Amino acid sequence: MQNIKLDSRLLAVASLVRENTRLADVGTDHAYIPLYLVREGKIAEAIASDINEGPLKNAEKNISLYGLSQNIRTVLSNGLQSLPENCADDIIIAGMGGILISEILENCIWIKKENIRIIAQPMTHAEKVREFFINNGFKIKEEKTAEDLKHKYCVIAAEYDGVTYNYPNGYIYYGELIRNSDRISKEYLIVQKDRLLKRYNALFKSGTEEAEREYLNNIIEELNKVLEEM
């Protein structure tokens with residue numbers, strides 16, 4: 001049987017799953033990550049969930065093909081709503097916008113428990129995911145970046161400890177990426193800075209939203225300092 005091969009984005013996500021944990025992969029699509037991790041022996045069991053029946057059937061087909069139906073079960077679920085409480089230690093939510101990811105997390109109470117790890121890979125607005133973690137007792141443990149066809153992605157791993165931490169305002173835009181020294185992480189942050197700069201310039205030209213302009217300017221300056229130190 002051919003081994004499961006993940007692209008760089010999904011491989012970065014999989015790398016942040018802890019060994020021998022119970023995994024839930026939300027929005028699993030073809031169940032590639034659970035299949036890869038079970039085949040590699042990093043985990044023994046997983047739940048693969050999706051909101052749509054089509055992707056879930058694709059997942060079931062792949063799981064059966066690899067003979068792992070005893071290890072990976074599928075659940076039709078809108079986010080985490082239909083997953084049983086305490087069914088997983090590590091929860092992947094990847095390939096969605098950051099706003100949607102934060103809404104999925106907001107609508108689930110049982111994730112706020114010690115030893116729960118959330119591995120989020122937002123396609124956009126990663127700051128919304130970090131903001132959720134900061135405001136809800138999660139500590140961001142590690143972040144990675146990946147590059148695929150010139151697109152750059154970040155992956156955020158956070159664990160619940162119930163503590164409220166104080167961070168600089170710009171933290172939601174760079175998070176723990178400041179601890180990385182690789183080219184992709186730096187280039188990813190440059191893209192984020194350019195996005196904020198574009199917004200700032202548009203507001204400056206219109207002469208409106210002075211408070212937001214000041215906020216954006218401070219964040220951009222903070223990002224410049226972060227980039228200089230990387």
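For the single chain, residues carry numbers from 1 onward in sequence order. Keep in mind it's a predicted model, so treat the numbers as computed, not measured.
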From CA spacing to verdict: side chain to side chain contact (heavy atoms under 4.5 Å, CB included), Tyr174, Leu223: CA-CA 8 Å; Tyr174 54 77; Leu223 273 167; 3.8 Å; yes
Nearest non-hydrogen partners of Ile99 and Lys128, listed with the distance: CG1-CG, 3.9 Å
Passing option when Leu177 is tested against Glu143, Gln192, Lys186, Lys144 for side chain to side chain contact (heavy atoms under 4.5 Å, CB included): Glu143
Check against side chain to side chain donor-acceptor pair (under 3.5 Å), Glu176 and Tyr171: CA-CA 8 Å; Glu176 294 302 304; Tyr171 183 82; 2.5 Å; yes
With sequence neighbours excluded, residues passing side-chain hydrogen bond (donor to acceptor under 3.5 Å, both in side chains) with Lys112: Asn136
Smallest separation among heavy atoms of Ile101 and Ala120, with atom names: CG2-CB, 4.2 Å
Verdict with supporting geometry, Arg213 and Asn217, side chain to side chain contact (heavy atoms under 4.5 Å, CB included): CA-CA 6 Å; Arg213 293 203 317 265; Asn217 185 60; over 6 Å; no
Interatomic spacing from OG in Ser102 to CD in Glu127 - rounded to 0.5 Å: 9.5 Å
Distance-only polar pair, side chains of Ser64 and Ser69, donor-acceptor under 3.5 Å: no
Stepwise side chain to side chain contact (heavy atoms under 4.5 Å, CB included) check, Ile33 with Thr28: CA-CA 8 Å; Ile33 293 178; Thr28 193; over 6 Å; no
For Ile111 against Phe132, the heavy-atom pair lying closest together: CD1-CZ, 4.3 Å
CG on Leu35 to NE2 on His30, rounded to 0.5 Å: 11.0 Å
From NZ (Lys57) to CG (Leu76), nearest 0.5 Å: 10.0 Å
Donor-acceptor under 3.5 Å (Asp182 side chain, Ser185 main chain): yes
Asp25 side chain vs Ala48 backbone, donor-acceptor pair below 3.5 Å: no
Single hit among Asp90, Asn86, Asp89 for side chain to side chain donor-acceptor pair (under 3.5 Å) with Arg22: Asp89
Distance in Å, Glu114 CD paired with Asp161 CG, rounded so as to fall on 0.5 Å steps: 7.5 Å
Single-linkage hydrophobic cluster Val129~Ile119, side-chain heavy atoms < 4.5 angstrom: no
Stepwise side chain to side chain contact (heavy atoms under 4.5 Å, CB included) check, Thr145 with Glu187: CA-CA 10 Å; Thr145 51; Glu187 290 180 358; over 6 Å; no
Verify same cluster id: Leu100, Phe133 (apolar side-chain graph, 4.5 Å): yes
Test item: Arg195 and Tyr173 side chains (from C-beta on) under 4.5 Å apart, heavy atoms: yes
Salt bridge (Lys or Arg N to Asp or Glu O under 4.0 Å) between Arg117 and Glu159, worked out: CA-CA 4 Å; Arg117 168 175 279 213; Glu159 296 175 16; 2.7 Å; yes
Salt-bridge present (Glu147, Lys152; N to O < 4.0 Å): yes
pair Leu80-Asn107: side-chain heavy atoms closer than 4.5 Å: no
Single-linkage hydrophobic cluster Ile4~Leu16, side-chain heavy atoms < 4.5 angstrom: yes
Asp7 side-chain N/O to Leu10 backbone N/O, donor-acceptor pair under 3.5 Å: yes
Ser82 (side chain) donor-acceptor with Ser77 (main chain) under 3.5 angstrom: no
Under 3.5 Å donor-acceptor, Asp29 side chain and Pro55 backbone: no
Taking every non-hydrogen atom, the tightest pair across Leu6 and Ala14: CD1-CB, 3.9 Å
Tyr153: hydrophobic cluster co-members (side-chain, 4.5 Å): Met123
Nearest heavy-atom neighbours spanning Tyr188 and Cys154: OH-SG, 3.3 Å
Sub-4.5 Å side-chain heavy-atom contact between Phe138 and Leu105: no
Verify same cluster id: Ile104, Val17 (apolar side-chain graph, 4.5 Å): no
For Leu56 against Asp50, the heavy-atom pair lying closest together: CD1-N, 3.7 Å
Same apolar cluster: Ile118 and Leu23, side chain cutoff 4.5 Å: no
Reference residue Leu216; test side chain to side chain contact (heavy atoms under 4.5 Å, CB included); the match among Asn201, Leu203, Leu197: Leu203
